[in-house]
There are 2 protein chains.
Amino acid sequence: MGPTLHDVARLAGVSIKTVSNVIHDYPYVKDATRTRVQNAIDTLGYQPNLSARGLRSGRTGVIGLAVPALRENYFAELADAVIRAAESRGLSVLVEQTSGDRDAELRVLSGSRPRFLDGLLFSPVALGQDDAKFLEVPYPIVLLGERIFGGPTDHVTMHNTSAARAAVEHLIGIGRRRVAVVGASVTDTGTNSSTLRLRGYRQALEAAGIGFDPDLVRECAHWNRDGGAEATHRLIRDGVSFDAVFALNDSLGLGVLRALREEEIRVPEDVAVIGFDNIDEARFSVPSMSSVATKREELAEAAVALLTERFQEKEPRLPPRLVQPDFTIVARESTGTYSPTHADATPAGASQER
Amino acid sequence: MGPTLHDVARLAGVSIKTVSNVIHDYPYVKDATRTRVQNAIDTLGYQPNLSARGLRSGRTGVIGLAVPALRENYFAELADAVIRAAESRGLSVLVEQTSGDRDAELRVLSGSRPRFLDGLLFSPVALGQDDAKFLEVPYPIVLLGERIFGGPTDHVTMHNTSAARAAVEHLIGIGRRRVAVVGASVTDTGTNSSTLRLRGYRQALEAAGIGFDPDLVRECAHWNRDGGAEATHRLIRDGVSFDAVFALNDSLGLGVLRALREEEIRVPEDVAVIGFDNIDEARFSVPSMSSVATKREELAEAAVALLTERFQEKEPRLPPRLVQPDFTIVARESTGTYSPTHADATPAGASQER
DNA sequence: ATGAAAGCGCTAACAC
DNA sequence: GTGTTAGCGCTTTCAT
């Protein structure tokens, strides 16, 4: 074990309270004393014992971040941003993975780990609206994502519908009319990202006077590259004609690009593609992929800020707050306007290619 | 605060020691007592206070993982694997990011956080061989990577040289003779991944009787996609002829693919590409990218196992151990053997394309 | 097989 | 301004 407060106090010739005062920047300490204590701290290399501090004060300086899986780019980038935001507030982040498993998500909420975290940033994918009650726990939670709305906790989420609408409007703006959607959810709970983004899709079509064709909407069991690739192959196998794809997230979109290339369909000449989330990878795919960007730093910053406010606040508690960071459309090669004016004239589309 | 040991003891009508015995599966507890205690635990929803446990026992059940940045795919996948390995042992993982910054890496070692972690998995990139002394800390560390060898701690690293040699042999095996290397380190400390992999490169050339051409070896300040793309453009701008690229990691390799496409050089027809690490993304790039695969689960598993052994062991300590997981070459489209026998006959190469 | 009690290092209420 | 002191909840001798 390292040196303790007592060791420092002894060396400095003061009581532990004075040492504690110095450590916590208590203003009423004589400068001379402060210097003496600080020297003792330095020579001993004293580091506070966080377990003891946590036991006594109820605060550990550690927050939890529960996500489905770090190997999914979006969550890795989110975790990156969260850790940075936490660090700037002197907090550390304990990362848990749920694999998108319902039991694992419930375990995160009720396990023994939370009792030693100051708070939890929770991004569920298996829990749904009906599970809001499980968020009623005796420590602060900030909910991330679109699975549950109006729950008992603070919540950070995107402007899903309007962002999706903007994405599709971008496609329509470059002259596309047959916009496929990849990533519709199999089980539609009514409050998940898929539904919200799909709503934006329909709004954009409607505003442009384009009819809705259910054949263009493809489900994916998993929001990953495999799912996107597979859905695209199915779309083509079914002989559906399309000149654009709106992938409900970037991983799907990268799978779409991959599949289109396998089918020897040119992007964006034959089919334009836009994703959602603007993960780093979208900049480097071949072709680079347009996407809807949410400032992830902003999102992480907001989430950590909400959490810290909660564990600093006194009763009575503020009501749950909802924060929705802004978004922008990032146009890249996959929606490059190669002969956009001809897009209608030459009825390009995957079905032509087969 | 939740219920404590005392609450459970009172409800069960026993002492806290008995409750503690039940929790720790101490064998000499009457079955009847055990049941009674267990019921009390369940009805109260008792969860042990980890801060108190940590204070008393010196063990918190939390290990640290310090990596440069989670937004780098390789480290996200590593973190994923580490968290899984830790979870299977009942440990949680606190993730720290160093941004590859020397001061940040030193802070990880000496900060107050370590004093509350049971151990640390540390993947430095700024520290080097001369900094081995900083690893002499009073808690167990497992070093990851190739920056420091022969240090005072356990160490998990790849067979860099032989794996790199195998990668280059793969390229030679499909008929390539002008193999460029992307990612050589600017400042060569002699014990980093770059040097070791470069050594494998030279071994492979030598074994095949191919002369070493320093023009083919390109430096990159950063091992990311930008670095790989930039180095590739430079290579071509310099008019160097090459028919294959060995990217010292996959992020570089993906940048290489991107740049080759911008230069309208076909992969693998004109130039074959192989990376290193086999990140998930390599499977989905366009074209998919061959790579050197280290079983990351194995690596993570080994690292966590070494760490747990350390904090369970009694004095005297075992000497530092070195673990090097196996590797395999994963062949994908980027080294697809399109007319491999002609590779020599038709002196394909980037320089032809300009 | 179970209980009593000390104390891990720290914070904060209270004394002086 | 600084010191004293009582626990926070748990583990762990030592008794019984």
Side-chain angles (χ1 to χ4, degrees), chain A residues 1-38 40-41 44-62 112-118 138-139 311-312 314, chain B residues 1-38 40-41 44-62 112-118 138 311-312:
Chain A
M1 295 266 91
T4 73
L5 270 191
H6 286 96
D7 299 327
V8 177
R10 202 175 313 123
L11 180 59
V14 298
S15 80
I16 61 167
K17 180 66 217 299
T18 303
V19 180
S20 177
N21 281 342
V22 170
I23 290 169
H24 292 90
D25 287 324
Y26 182 70
Y28 305 117
V29 179
K30 267 206 298 239
D31 278 1
T33 317
R34 186 183 299 279
T35 319
R36 205 143 38 87
V37 169
Q38 192 54 57
I41 289 175
L44 290 176
Y46 168 78
Q47 309 273 22
N49 180 318
L50 298 186
S51 291
R53 180 178 286 177
L55 175 58
R56 184 62 242 224
S57 68
R59 292 270 309 272
T60 57
V62 180
S112 78
R113 205 52 66 179
R115 296 188 48 54
F116 121 117
L117 300 173
D118 288 346
Y139 53 89
F311 52 69
Q312 277 160 6
K314 308 276 167 250
Chain B
M1 297 265 92
T4 73
L5 269 191
H6 286 96
D7 299 328
V8 177
R10 202 175 313 123
L11 180 59
V14 299
S15 81
I16 60 168
K17 178 66 216 299
T18 304
V19 180
S20 178
N21 282 341
V22 170
I23 290 170
H24 292 92
D25 288 324
Y26 182 69
Y28 305 117
V29 179
K30 267 208 297 243
D31 277 1
T33 316
R34 185 182 300 280
T35 319
R36 207 142 36 86
V37 169
Q38 193 55 57
I41 288 175
L44 289 175
Y46 169 77
Q47 309 273 20
N49 179 318
L50 298 185
S51 290
R53 180 177 285 177
L55 174 57
R56 185 62 240 224
S57 67
R59 292 270 310 271
T60 57
V62 181
S112 78
R113 205 53 65 179
R115 297 190 46 53
F116 122 116
L117 300 173
D118 289 345
F311 52 69
Q312 275 159 8

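Just so it is clear: chains get the letters A, B, ... in the order the sequence lines come, proteins before strands, and each one is counted from 1. Side-chain atoms are counted along with the backbone in the values below, which use heavy atoms only and exclude waters and symmetry mates.
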Checklist line | DNA chain D contacts among residues 14-30 of chain B, heavy-atom distance under 4.0 Å | finding: B:Ile16, B:Lys17, B:Ser20, B:His24
Note to self: Just the rounded figure in Å: distance from P of D:dC8 to CG of B:Leu50.
What the structure shows: 18 Å
Check: Can you check the A:Leu5 CG to D:dT5 C1' distance for me, whole Å?
Finding: 14 Å
Check: Counting any heavy atom closer than 4.0 Å, what does A:Phe116 reach on the DNA or RNA strands: base, sugar-phosphate only, or nothing?
Finding: nothing
Notebook entry, point to check: Taking the side chain as C-beta and beyond, is there a heavy-atom pair between A:Ile23 and A:Tyr46 under 4.5 Å?
Noted result: yes
Notebook entry, point to check: Heavy atoms, side chains only, cut-off 4.5 Å: are A:Asn21 and A:Lys17 in contact?
Noted result: yes
Next item on the list: Measure the distance from CG on B:Leu55 to P on D:dG9 and round it to the nearest whole Å.
Entry: 12 Å
Margin query: Need one value for B:Thr33: base, sugar-phosphate or nothing, where a base atom within 4.0 Å counts as base even if backbone is also close, heavy atoms only.
Written below: sugar-phosphate
Next item on the list: Verify, without hydrogens or angle tests, whether A:Thr60 (side chain) and A:Phe116 (backbone) share a donor-acceptor contact under 3.5 angstrom.
Entry: yes
Notebook entry, point to check: Closest heavy-atom contact between A:Asp31 and A:Thr35?
Noted result: O-OG1, 2.6 Å
Margin query: If I take atom NE2 in residue B:His6 and atom P in nucleotide D:dT11, what distance separates them, rounded to the nearest angstrom?
Written below: 12 Å
Checklist line | Minimum heavy-atom distance between A:Ala9 and A:Ser15, given as atom pair plus value | finding: CB-C, 3.7 Å
Note to self: For the helix from C:dA1-D:dT16 to C:dC16-D:dG1, what angle separates the axis at the start from the axis at the finish, each from five pairs, in steps of 10°?
What the structure shows: 30°
Notebook entry, point to check: What's the CZ-P distance between A:Arg53 and C:dT11, to the nearest Å?
Noted result: 5 Å
Notebook entry, point to check: Under the 3.5 Å rule, do the base of D:dG9 and the side chain of B:Arg56 count as making a donor-acceptor pair?
Noted result: no
Notebook entry, point to check: Nearest-Å distance, CG (A:Asn49) to P (C:dC8)?
Noted result: 12 Å
Next item on the list: Using atom CZ of A:Arg59 as one end and atom P of C:dT11 as the other, report the distance to the nearest whole Å.
Entry: 12 Å
Margin query: Can you list everything that forms a side-chain hydrogen bond (donor to acceptor under 3.5 Å, both in side chains) with A:Ser51? Sequence neighbours excluded, please.
Written below: none
Item checked: Minimal non-hydrogen separation, B:Asp118 against B:Gly61, with atom names -> OD2-N, 2.7 Å
Next item on the list: Could you tell me whether a side-chain N or O of A:Ser57 sits under 3.5 Å from a main-chain N or O of A:Arg53, the two making a donor and an acceptor?
Entry: yes
Notebook entry, point to check: Where is the tightest heavy-atom contact between B:Val14 and B:Arg36, given as atom of each residue plus distance?
Noted result: CG1-NH1, 4.0 Å
Notebook entry, point to check: Taking OP1 and OP2 of D:dC8, is either one under 4.0 Å from a side-chain nitrogen or oxygen of B:Thr4?
Noted result: no
